[in-house]
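This report refers to the structure that appears directly beneath it.
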Amino acid sequence: MSFNYNATVNAVAYADDMAKSDDRIIAVSKPNGNGYLYTSSTSELRYCQYFDSKTVEVPSTYNGNPVTTLGSAAFAGNKSVETVILPESITSIGSYAFTNCPNLKKIIAPGVTSVGRYAFYNCESLMFAYLPNVSTVFNCSLSECEELTAVDIGSLSEETSLDITSTAFDSSNNIIDLNKTGHLYSFDSKSDNGTFTYKCTACSNNQKVDLSADILLEMWTPYIVGRTIDTTEYDSLFLFDVTGDGIINAKDYSVLNDFKI
């Protein structure tokens with residue numbers, strides 16, 4: 001691990017009685033190279049706050065070493081990133097990893113099995129979370145995510161029951177698609193004006209929800225292109241199969257674009 005020391009600041013400390021210490025000069029460091037810091041003892045990446053790209057694909061290896069964990073507060077406070085794609089090698093997302101990322105819209109994490117507490121807390125723009133292998137979700141992991149619409153939690157997990165704390169989704173009240181936890185919708189119909197209707201398969205009153213093409217495009221990510229919909233098991237990606245042919249491809253994207261406002 002190496003650093004570039006490209007800034008210094010003067011710092012002071014105050015005691016309880018407000019007595020002031022002498023000034024101290026502290027070097028402020030930034031990671032070298034691609035912006036990651038790697039901890040070999042835990043195989044984790046941290047300090048991704050510096051990324052200014054809208055889309056970040058986290059690598060599965062770093063300098064030849066495996067990456068299995070996204071560290072605590074890794075992206076916390078990043079104001080630029082909109083889509084993060086984690087490799088299948090990463091099985092754990094640390095606490096506060098994406099806390100207060102105001103523009104994060106999509107998280108794709110196919111290999112993750114555990115999501116730390118407050119991992120996505122207050123990600124006010126987050127709409128789509130693809131976490132199909134997750135079996136454990138800790139306190140407030142996806143709370144205060146006001147735009148969260150579709151969540152795949154554990155659809156591919158081998159666990160028969162998920163360990164999801166009661167506060168995991170606090171104040172994230174707009175979720176229409178949350179498998180294995182009581183909210184499960186399936187594609188129902190498409191109107192001429194491009195509104196796509198999904199029917200609640202777990203509701204006795206057959207409740208339906210409409211999504212516009214614009215919302216579906218906001219959640220769209222190239223990661224899902226070419227994916228075949230699993231009709232025998234729950235598959236959150238059916239949201240994007242608006243042509244109903246069982247595979248997500250350019251046809252679906254074209255249909256959504258035709259109805260974009």
- request: Kindly state whether the ring of F128 and the ring of F240 have centres lying under 6.0 angstrom apart.
  value: yes
query: Is Y96 reachable from L126 through a run of I, L, V, M, F, W or Y residues, each pair having side-chain heavy atoms under 4.5 Å apart?
result: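 Per the 4.5 Å side-chain linkage, L126 and Y96 are not co-clustered.
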- request: Answer with yes or no whether the hydrophobic clustering places V225 together with M219; edges join I, L, V, M, F, W, Y residues whose side-chain heavy atoms lie under 4.5 Å apart.
  value: yes
Evaluate the side-chain proximity of [Y] to [X]: yes if any heavy-atom separation is below 4.5 Å, no if none is.
X    : Y    : answer
S60  : V67  : no
V112 : T91  : no
L70  : L86  : yes
Y38  : N65  : yes
L148 : L142 : yes
P87  : V58  : yes
D210 : F196 : no
L217 : Y253 : yes

message: Let's go through L131 and D152 carefully: what are the C-alpha distance in whole Å and the side-chain angles of both, what is the deciding distance for side chain to side chain contact (heavy atoms under 4.5 Å, CB included) to 0.1 Å, and is it a yes or a no?
response: CA-CA 5 Å; L131 304 157; D152 187 326; 5.9 Å; no
Quick check: closest heavy atoms across [X] and [Y], and the distance to 0.1 Å?
X    : Y    : result
A119 : G94  : CB-O, 3.9 Å
V134 : S114 : CG2-N, 4.5 Å
G71  : A97  : O-CB, 3.9 Å

Donor-acceptor contact present, side-chain [X] to main-chain [Y], <3.5 Å:
X    : Y    : value
S191 : T195 : yes
T99  : Y118 : yes
S125 : P102 : yes
S254 : K251 : no
S95  : G116 : no
K106 : A129 : no
T167 : N139 : no
S53  : V56  : no

Rounded to the nearest 0.5 Å, how far does [atom2] of [Y] lie from [atom1] of [X]?
X    : Y    : atom1 : atom2 : result
N103 : E124 : CG    : CD    : 7.5 Å
C145 : M127 : SG    : CE    : 12.0 Å
C123 : E147 : SG    : CD    : 12.5 Å
F259 : L216 : CZ    : CG    : 12.0 Å
L37  : E44  : CG    : CD    : 10.0 Å
E144 : N122 : CD    : CG    : 6.5 Å

message: Checking T243 against D252: is there a side-chain donor and acceptor pair closer than 3.5 Å?
response: yes
query: Could R117 and Y121 be counted as a cation-pi pair, given that NZ or CZ must be under 6.0 Å from the ring centre and within 45° of the axis?
result: no
Passing option when F120 is tested against F98, F169, F138 for ring pair (Phe, Tyr, Trp, His ring centres under 6.0 Å):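 Testing each of F98, F169, F138 against F120, the sole residue satisfying ring pair (Phe, Tyr, Trp, His ring centres under 6.0 Å) is F98.
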task: Report the C-alpha separation of T113 and T136 in whole Å, then their side-chain angles, then the decisive distance to 0.1 Å, and conclude whether the side chain to side chain contact (heavy atoms under 4.5 Å, CB included) test is met.
output: CA-CA 7 Å; T113 60; T136 304; over 6 Å; no
task: May I have the step-by-step check of side chain to side chain contact (heavy atoms under 4.5 Å, CB included) for R227 and D241, ending in yes or no?
output: CA-CA 10 Å; R227 304 277 166 166; D241 182 26; over 6 Å; no
message: Working note: T83 + I85, criterion side chain to side chain contact (heavy atoms under 4.5 Å, CB included); need CA distance, chi angles, decisive distance, verdict.
response: CA-CA 7 Å; T83 299; I85 301 174; 4.1 Å; yes
message: Tell me whether E218 is salt-bridged to K105, with the criterion being a basic N under 4.0 Å from an acidic carboxylate O.
response: yes
